[in-house]
Amino acid sequence: MRRIFTFLAALLLIVGAANAKNVKGKIKDSRSGEEIIGATIIVKGIPSKGTASGLDGSFTLSADTYPCTLICTYVGYKSKEYTLKKGDSDITITMDADNLLLGEVTIMAHNPGRTEVGARGIEKQAINVVNVMSAKAIELSPDLTVANVIQRMSGVTMERSSSGEGQYAILRGMDKRYNYTLVNGMKIPSPDSKNRFVPLDIFPSELLDRLEVTKSLTANLEGDGIGGAVNMVMKDAPTERQLTANLSTGYSFHFLDHDFQSFSSGDIVRKSPNEQFGDAYPADITDFTTKNLRVKSSKPLPDLSAGFSYGDRFFREHLGVMAAVSFSNRKKGKLSDMYASTADNDGVQRITNRYFSEQQSRLGAHLKLDYYIDQRNKLTWYNGYMDFRNSQVRDAISTQDEIIRLRWQHQSILNSMLRGEHKLLPDDAFRIDWGANIASARNEAPDNAQIQLKNSPTGTAQWVDNRVGAIRRWEHNTDDDLSGYLDLNYRLKLAGDGTLDFTAGGMYRDKKRSSFYHEYTFQPYDASKPSVNSYDQYRGEDWNNYDEISFRLSNLSLSDPMNYDATEKIGAGYGQVRFSRGRWQLVGGLRAEHTDQGYTLLYPTAGAANEGGQQYTDLLPDAHIRFNVHKDANLRLSYYRAINRPSFFEIVPYHIINEDYNECGNPELEHTTADNFDLRYEFFPKPSEQVMACVFYKKIKNPIEYGMQPVGQETFYTPGNYGDATNWGIELDVMKYFRWFGIKANYTYTHSAITTTKLRELVDDNGSIYTDHADQTRPLFGQAAHVFNCSLLFKDAKRGWDGQIALSRTGKRIAVIDRFYENDRWDAGITQLDVSAEKRFKCGISIFLKGQNLLNTPLLRYYHANDRNADTKNVRRHSGGIVEREEKTGQSVLLGVRYKL
């Protein structure tokens with residue numbers, strides 16, 4: 001016992017002595033006061049004795065002798081020496097940015113928004129309500145696409161694609177139609193065939209310097225963002241040579257238990273027979289290849305991702321170049337069980353098991369050049385190309401039938417942007433900014449095939465009831481933009497510290513869109529069999545793979561309303577005044593936008609004009625107040641008016657006869673307007689930290705929703721303006737760092753309400769069922785009441801470790817708006833857990849790991865309990881309602897190596 005006591009006492013003395021020599025400190029930028037994360041601090045002459053600053057810029061170092069000299073180094077900063085004296089215990093070391101002086105040109109050695117400190121600075125200095133995610137946060141996140149990255153930000157939820165991947169952003173409960181997407185501050189076109197919103201899963205996240213979500217618009221921003229705007233700022237040229245390369249591989253756990261199904265998309269004929277030879281051409285079965293109908297099943301090869309970027313400056317540092325490319329090839333799998341009751345409600349629930357196999361190929365590349373003519377004039381030329389291809393097999397099997405779908409889709413966005421910045425008076429009093437953008441979006445989905453088979457009790461397949469045996473479609477569309485803008489700014493200095501900024505400008509965009517659609521239907525037909533059973537072809541006897549089934553062409557549709565051309569010309573002008581003095585900043589502006597939207601039907605519906613369109617002008621005021629409560633806190637109050645234009649196809653007078661209901665367009669559809677209010681308190685206790693609390697409210701006039709509407713003597717499912725809506729909510733956002741540990745968390749509560757007209761089934765006195773119209777109040781499509789994100793960050797700069805655990809929870813939300821009263825389909829709340837880790841070595845190499853969807857939480861879609869399903873028995877239920885489907889995608893991991901020079 002005495003020995004133990006002696007040992008503990010000695011240990012305490014040693015620890016106490018060691019602590020007595022420990023020095024704590026912080027590394028900061030001498031100009032901005034920002035904490036510098038990852039700076040190296042060593043004792044001069046003793047390189048082995050050193051450490052690195054943590055997530056909050058702090059460090060702890062043990063010094064044995066006094067005085068001694070500490071040497072601080074960090075990329076982009078000048079080395080700094082600090083003399084440590086005896087008794088120093090809590091010190092601050094400031095470092096100077098290593099600015100490059102290029103004659104008259106000064107280029108800063110850091111890019112705002114690339115680091116967490118820079119991102120917080122943008123949020124703090126913005127005149128409106130903005131959230132920013134830095135390139136560093138994107139790099140360390142578990143996410144590979146912009147669509148998955150953006151869901152970590154407050155007030156953002158995602159609408160997912162059929163593969164389970166995030167695709168479209170829903171901002172503050174406002175559907176994707178109410179938001180728009182920018183690249184480097186300029187709008188880009190969409191590859192969608194009907195709508196104007198841009199799928200974010202096209203963009204690889206590693207090409208970004210930062211991601212901005214603007215939630216309150218100013219007059220210099222385009223006005224069609226009731227929910228807000230997403231701006232992707234692509235990698236910029238550095239001030240010194242930079243080379244980065246990464247290579248990674250991974251696997252989806254889904255394929256440990258399931259095979260991957262595929263078909264030969266390379267054998268697809270890109271043009272339909274009638275597109276090749278004309279509408280009058282008498283197509284027959286010999287015009288269609290069957291090579292792309294053969295399905296293979298096997299264990300997939302591992303996923304592959306790679307990226308490369310190079311940046312440097314030339315011509316005495318006047319020309320900056322940044323080139324980057326990213327490529328990934330991933331296999332995704334999903335199980336989807338569809339539940340449906342039989343028509344006679346006999347207590348038996350029919351289950352269709354759908355198996356998805358999807359190969360996603362994603363390529364992103366950009367070249368960004370900036371040229372400093374002199375200190376006051378700069379030109380920037382950006383070129384970007386995004387390419388996304390997916391090849392999907394969906395095999396849906398039930399006891400009654402099997403429907404297999406073979407789909408290949410190719411989407412791309414190409415844009416070239418030239419911008420100029422010019423300062424013409426002393427003290428930058430007058431400034432001219434201009435820009436021009438040429439952009440083109442493409443979408444093609446040639447020869448998408450769907451084959452329907454009848455399952456007999458023995459499991460064979462045959463053709464019955466003269467139903468369609470196969471459908472093969474050719475679709476493609478283009479969306480071309482030509483746009484330009486001009487901004488003029490004059491700054492007037494007032495007495496004291498006040499300034500008055502006058503800004504005026506304009507924008508013009510000319511958009512041209514085309515859409516093509518051909519569909520062919522087939523019947524199984526074996527000419528070698530007697531006519532009475534020529535339809536019957538049994539699996540295992542007559543065929544073993546889908547390309548061996550014999551078909552004959554039964555019908556072709558060349559005049560579908562999806563064959564159209566559309567144009568959209570938008571002209572805008574604005575004026576804005578900003579007053580700044582002391583702790584106050586006030587901004588007021590007015591924007592005028594004129595819209596001229598038109599269409600031409602290539603095959604007009606009977607009784608409808610082949611041309612039409614809409615014209616309207618909107619005045620969009622805005623006002624923003626920012627009060628600096630104290631040095632590190634702001635209080636913001638914002639108001640702006642915004643619009644939402646109808647999608648291109650919605651105002652086309654088309655008519656589609658469906659099996660259960662008829663659908664039509666609405667040439668009288670009005671555009672939506674909304675008044676938006678924000679009140680946000682934001683506190684930045686340290687340059688990389690934040691605490692935000694925001695309340696928002698939206699009053700929406702003429703929102704565009706789909707519902708049942710009488711047209712003449714019939715009732716159609718059509719887009720319409722069925723009444724006004726409201727949307728309000730609360731956002732909380734916290735970001736806090738300690739030396740080796742950090743936490744990011746945000747919570748959003750959203751409540752919305754809209755009333756639309758639907759069909760309601762009623763029973764008369766004789767017990768007969770009839771339908772009538774009824775108004776239903778519900779939340780907006782895609783809006784979840786509760787959204788929560790929390791990320792735990794770990795950083796050991798000395799040993800080169802970074803880690804992140806990310807948890808997200810999205811509450812229930814409407815996924816499908818049904819035409820019947822109180823019969824909408826909801827997605828149940830879902831929780832997702834993702835992780836990432838990275839180990840860096842001194843040679844510039846790092847190894848990283850990303851794990852996604854570790855909980856494999858299923859997506860559950862269900863009908864709320866209502867009169868239509870109250871008496872249905874022996875069905876799967878959730879929260880009292882009936883489950884419509886359950887989907888699981890499985891976990892996935894990615895392991896890679898990265899090199900930075």
Side-chain angles (χ1 to χ4, degrees), residues 128-129 155-157 159 168-181 195-197 213-219 221-230 590-593 595 597 614 616-624 637-647 650-651 666 668-680 694-707 709 718-731 748-758 775-785 787 813-815 817 824:
N128 51 346
V129 178
V156 182
T157 56
E159 180 179 322
Y168 297 108
I170 296 174
L171 306 183
R172 291 178 161 181
M174 301 300 299
D175 180 37
K176 55 187 178 293
R177 71 174 302 130
Y178 296 107
N179 316 305
Y180 62 83
T181 303
N195 305 290
R196 63 181 77 249
F197 34 79
V213 176
T214 299
K215 298 177 178 177
S216 65
L217 304 184
T218 50
L221 296 174
E222 296 198 38
D224 55 334
I226 295 175
V230 176
L590 178 66
R591 182 180 186 89
E593 286 196 355
T595 303
Q597 186 178 353
Q614 296 184 348
Y616 44 88
T617 300
D618 294 279
L619 296 179
L620 308 174
D622 70 277
H624 309 266
L637 177 62
S638 293
Y639 161 78
Y640 73 97
R641 178 171 294 169
I643 65 172
N644 176 248
R645 301 180 178 92
S647 294
E650 290 174 332
I651 63 172
N666 184 0
E668 305 302 321
L669 187 66
E670 296 185 33
H671 69 292
T672 305
T673 60
D675 293 303
N676 308 268
F677 301 86
D678 281 87
L679 176 63
R680 185 165 90 173
C694 182
V695 178
F696 62 87
Y697 175 80
K698 300 177 183 293
K699 177 64 175 178
I700 309 165
K701 182 180 179 181
N702 290 327
I704 299 173
E705 295 280 334
Y706 280 77
Q709 186 76 3
T718 182
N721 308 113
Y722 297 107
D724 297 342
T726 58
N727 183 22
W728 65 271
I730 300 171
E731 290 179 352
T748 305
Y749 171 77
T750 310
H751 177 83
S752 61
I754 184 172
T755 301
T756 57
T757 302
K758 297 190 175 187
D775 290 340
Q776 177 191 331
T777 300
R778 55 169 176 78
L780 291 168
F781 169 81
Q783 178 254 304
V787 179
R813 53 184 176 173
I814 291 182
I817 300 173
D824 304 314

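Along the sequence shown, the residues carry numbers beginning at 1. Only this structure's heavy atoms are used, side chains among them; waters, hydrogens and symmetry mates stay out.
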Enquirer: Ignoring hydrogens, what is the shortest heavy-atom contact between Ala592 and Leu619? Give both atom names and the distance.
Expert: CB-CD2, 3.7 Å
Enquirer: Hey, are Asp618 and Arg645 close enough for a salt bridge, meaning a charged N less than 4.0 Å from a carboxylate O?
Expert: no
Enquirer: Report the C-alpha separation of Val230 and Asn179 in whole Å, then their side-chain angles, then the decisive distance to 0.1 Å, and conclude whether the side chain to side chain contact (heavy atoms under 4.5 Å, CB included) test is met.
Expert: CA-CA 8 Å; Val230 176; Asn179 316 305; 5.7 Å; no
Enquirer: Does Thr672 reach the main-chain N or O of Asn702 with its side chain, forming a donor-acceptor pair under 3.5 Å?
Expert: yes
Enquirer: Could you report the tightest heavy-atom contact between His671 and Pro646, atom names first, then the distance?
Expert: CB-CD, 3.8 Å
Enquirer: Measure the shortest side-chain to side-chain distance between Tyr616 and Gln597 over non-hydrogen atoms and say whether it is less than 4.5 angstrom.
Expert: yes
Enquirer: I'd like to know whether Arg172 forms a salt bridge (Lys or Arg N to Asp or Glu O under 4.0 Å) with Glu731, so could you lay out the CA-CA distance, the side-chain angles of the two residues, the decisive distance to 0.1 Å, and finally the verdict.
Expert: CA-CA 9 Å; Arg172 291 178 161 181; Glu731 290 179 352; 3.0 Å; yes
Enquirer: Looking only at non-hydrogen atoms, find the nearest pair between Gly720 and Asn666 and report the distance.
Expert: CA-ND2, 4.0 Å
Enquirer: With no hydrogens and no angle check, is any side-chain donor or acceptor of Thr755 less than 3.5 Å from a backbone partner on Asp775?
Expert: no
Enquirer: Do Tyr639 and Tyr697 touch side chain to side chain, with heavy atoms closer than 4.5 Å?
Expert: no
Enquirer: So, do Lys176 and Phe781 sit near enough that their side-chain heavy atoms are less than 4.5 Å apart?
Expert: yes
Enquirer: List the atom of Asp175, the atom of Ile170, and the distance in Å for their closest heavy-atom pair.
Expert: N-CG2, 4.2 Å
Enquirer: Side chain of Ser647, backbone of Asn195: donor and acceptor closer than 3.5 Å?
Expert: no
Enquirer: Side-chain contact test, heavy atoms from C-beta onward, threshold under 4.5 Å: evaluate it for Thr218 versus His624 and give yes or no.
Expert: yes
Enquirer: Just to verify, which of Arg641, Lys701, Lys698, Lys699 counts as forming a side chain to side chain donor-acceptor pair (under 3.5 Å) with Asp675?
Expert: Arg641
Enquirer: Tell me the closest heavy-atom pair linking Arg591 and Gly223, and the distance in Å.
Expert: NE-N, 4.0 Å
Enquirer: Show the numbers, then the answer: is there a side chain to side chain contact (heavy atoms under 4.5 Å, CB included) between Leu780 and Glu705?
Expert: CA-CA 9 Å; Leu780 291 168; Glu705 295 280 334; 3.8 Å; yes
Enquirer: Would you give the length of the straight line joining atom CG of Asp622 to atom CG of Asn128, rounded to the nearest 0.5 angstrom?
Expert: 8.5 Å
Enquirer: Do the side chain of Asn721 and the main chain of Glu670 share a donor and acceptor less than 3.5 angstrom apart?
Expert: yes
Enquirer: Which atoms form the tightest heavy-atom contact between Phe696 and Ile730, and what is the distance?
Expert: CE2-N, 3.9 Å
Enquirer: Do Tyr178 and Pro703 make a side-chain contact, defined as non-hydrogen atoms from C-beta onward lying under 4.5 Å apart?
Expert: yes
Enquirer: Report yes if the side chains of Tyr180 and Leu221 come closer than 4.5 Å at any heavy-atom pair, otherwise no.
Expert: yes
Enquirer: Would you mind reporting whether Asn644 and Asp224 have side-chain heavy atoms less than 4.5 Å apart?
Expert: no
Enquirer: Picking from Leu171, Thr673, Asn676, what satisfies side-chain contact (heavy atoms from CB on, under 4.5 Å) with Ile226?
Expert: Asn676
Enquirer: Is there a side-chain hydrogen bond (donor to acceptor under 3.5 Å, both in side chains) between Asn727 and Ser752 once you walk through the steps?
Expert: CA-CA 4 Å; Asn727 183 22; Ser752 61; 4.5 Å; no
Enquirer: Looking at NZ of Lys215 and CG of Asp678, how far apart are the two atoms once the value is rounded to the nearest 0.5 Å?
Expert: 8.5 Å
Enquirer: Is the backbone of Trp728 close enough, under 3.5 Å, to the side chain of Tyr749 for a donor and an acceptor to pair up by distance?
Expert: no
Enquirer: CZ of Arg680 to CG of Leu637: how many Å apart, nearest 0.5 Å?
Expert: 12.5 Å
Enquirer: Heavy atoms, side chains only, cut-off 4.5 Å: are Arg813 and Pro779 in contact?
Expert: no
